[in-house]
There are 2 protein chains.
Amino acid sequence: MSHVGYSCLMAVDREHVLRSAAALLTRKSTATMDEVAKAAGISRATLHRQFAGRDALVRALESLGIAECEAALDAARLDEGAASDAVRRLVREVEPAAGLLAFLYTENQLFEGEEQHAGWERLDARISALFRRGQENGEFRIDLTPAWLTEALYGLIASGAWVVLTGKVARKDFPRMITELLLGGALRRDEPRREES
Amino acid sequence: MSHVGYSCLMAVDREHVLRSAAALLTRKSTATMDEVAKAAGISRATLHRQFAGRDALVRALESLGIAECEAALDAARLDEGAASDAVRRLVREVEPAAGLLAFLYTENQLFEGEEQHAGWERLDARISALFRRGQENGEFRIDLTPAWLTEALYGLIASGAWVVLTGKVARKDFPRMITELLLGGALRRDEPRREES
DNA sequence: TTCGAATGAGACATTCATGTCTCATGTGGG
DNA sequence: CCCACATGAGACATGAATGTCTCATTCGAA
């Protein structure tokens, strides 16, 4: 029995397959299992051995996306310092997962009645809490609900990922253009905004 | 030969079918031709007689969405008055088409290499021009490109339509929450913002 | 009333993605 | 060296959506 070889090889490949699938489905959300397999450099049979089906693959990608998102939330230390700075850190940390997030964001809208991954609610709760903290802080305006701000953040991340993918803007501008729009809006400010880090 | 009856009945039904399809696909973007037909109260055969196939239906919806969007742009009088007020008018006018727009927005990302409807470029150009005018005006900040502001507006409209559809926020708040976020951002302003109409 | 056109219902073939299976190959560990 | 196991290749069946067809019915206009 090859415990070592088994768990090692499987784990590595699974991770690699997942990454490839994420990269591909980010660009073409309707990609075939065949295309996914080819993109990962494996055969369709092997792909099916690792993920029972397309559903299982998407679920695994969902878990991956949620995990990366939660890791980003952790790294952003949402409850430290100014709420606006926390938002900046959050967007910066979540940027690598933006493409995957955009894919899952639109994919989730197809799930209709089916129960969705509980992880999303946790993420919603944490991000909403950040916006609420900023409101109680006096930093954020109170006439926009935390729920809307959270959803808008998702939408902007998806739009940002899409616009970077199509080459309309440079990847390096991703965090700035999202945070600046979300926090400051399009209107020009007379007072200079302060910066962090 | 019943010229009158023909053109009249066909036109009316086509419009009605298009509306029903838009309403359905807004909620369930993967709906079957069967479901579309049922939602319109006609048979699948008749649906196929009016639209050669699913492709043709989506193309027709695309044209409808673009037409409604351009009508909204016209009604908003983008080049009159303050640019920020024009944005407010635009969002208010485009609100009825938001669901359809959201559907088309995600649908367009699947078109990969295929050439897309030229109408989108026209819309992009007109909206970009509005933001550019606001920048040259001194109203809008210049460190966010018109292209990004345009794309962000699309994203926020889609997010807004989605969040209204799921009941997280009231439909009546749709225009305000989008314009306020897009223009003013989440940060609280010391100076009171002025209002229009 | 009668004729013609549009419709609805449904059968049918086709295409495509998916899921399952078998078998040959190759590789790594014992 | 040998064996177990993962893999790749491909055949095969399945299901779903689509597109096309026919035929009976209904509705409107002459």
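Basis for what follows: all heavy atoms, side chains included, without hydrogens, waters or symmetry-related copies.
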Report each atom pair, protein N/O against N/O of nucleotides 24-27 of chain C, whose distance is under 3.5 angstrom.
none

- Item | Minimum heavy-atom distance A:Glu70-A:Arg126, with the two atoms named |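 So the two residues come closest at O-NH1, 4.0 Å.
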- Task: Would you please say whether a donor-acceptor pair under 3.5 Å links the side chains of B:Asn108 and B:Tyr154?
- Result: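 Absent: no donor and acceptor within the cut-off.
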- Query: Can you find a heavy atom in the side chain of B:Leu18 that is under 4.5 Å from one in the side chain of B:Leu57?
  - Reply: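 Heavy-atom side-chain distance check passes, below 4.5 Å.
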- Query: Between B:Thr106 and A:Thr106, do the side chains contain an N or O donor and an N or O acceptor separated by less than 3.5 Å?
  - Reply: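 Not at all, the side chains of B:Thr106 and A:Thr106 share no donor-acceptor pair under 3.5 Å.
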- Task: Taking only Lys NZ, Arg NE, NH1 and NH2, and the carboxylate oxygens of Asp or Glu, determine whether B:Arg89 and B:Glu80 approach each other closer than 4.0 Å.
- Result: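 Looking at B:Glu80 together with B:Arg89, the answer is no, because their closest N to O distance does not fall below 4.0 Å.
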- Assess the side chains of A:Glu151 and B:Ser159: does a donor N or O sit below 3.5 Å from an acceptor N or O?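 Absent: no donor and acceptor within the cut-off.
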- Message: Among residues 36-43 of chain B, which ones have heavy-atom contacts with DNA chain C below 4.0 Å?
- Response: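 B:Gly41, B:Ile42, B:Ser43, in order of number.
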- Message: To check you understand the geometry: which heavy-atom pair defines the closest contact between A:Leu153 and A:Val91, and what is its length?
- Response: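 Shortest heavy-atom contact: CD1-CG2, 4.1 Å.
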- Residue pair B:Arg44 / B:Lys38, side-chain heavy-atom distance below 4.5 Å: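 No, every pair of side-chain atoms sits at 4.5 Å or beyond.
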- When you look at B:Asp143 and A:Met177, which way does the side-chain contact (heavy atoms from CB on, under 4.5 Å) test go after all the steps? CA-CA 8 Å; B:Asp143 57 336; A:Met177 69 188 190; over 6 Å; no
Can you check nucleotides 18-22 of chain C for protein contacts, nitrogen or oxygen pairs under 3.5 Å, and list what you find?
{"from": "C:dT18", "atom 1": "OP1", "to": "A:Arg54", "atom 2": "NE", "distance (Å)": "2.8"}
{"from": "C:dT18", "atom 1": "OP2", "to": "A:Met33", "atom 2": "N", "distance (Å)": "2.9"}
{"from": "C:dG19", "atom 1": "OP2", "to": "A:Arg54", "atom 2": "N", "distance (Å)": "3.3"}
{"from": "C:dG19", "atom 1": "N7", "to": "A:Arg44", "atom 2": "NH1", "distance (Å)": "3.1"}
{"from": "C:dG19", "atom 1": "O6", "to": "A:Arg44", "atom 2": "NH2", "distance (Å)": "3.0"}

- Query: Rounded to the Å, how far apart are A:Arg14 CZ and D:dT7 P?
  - Reply: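 Interatomic distance, CZ of A:Arg14 to P of D:dT7: 13 Å.
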- Item | Distance in angstrom units between A:Glu35 CD and C:dC16 C1', rounded |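 After rounding, the reported distance stands at 12 Å.
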- Item | B:Arg171 atom CZ: more than 12 heavy-atom contacts under 6.0 Å |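 At most 12 heavy atoms, drawn from other residues, nucleotides or ligands, come within 6.0 Å of this atom.
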- Task: Calculate the interatomic distance between A:Asp13 atom CG and D:dT7 atom P; express it in whole Å.
- Result: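 To the nearest whole Å, that distance equals 6 Å.
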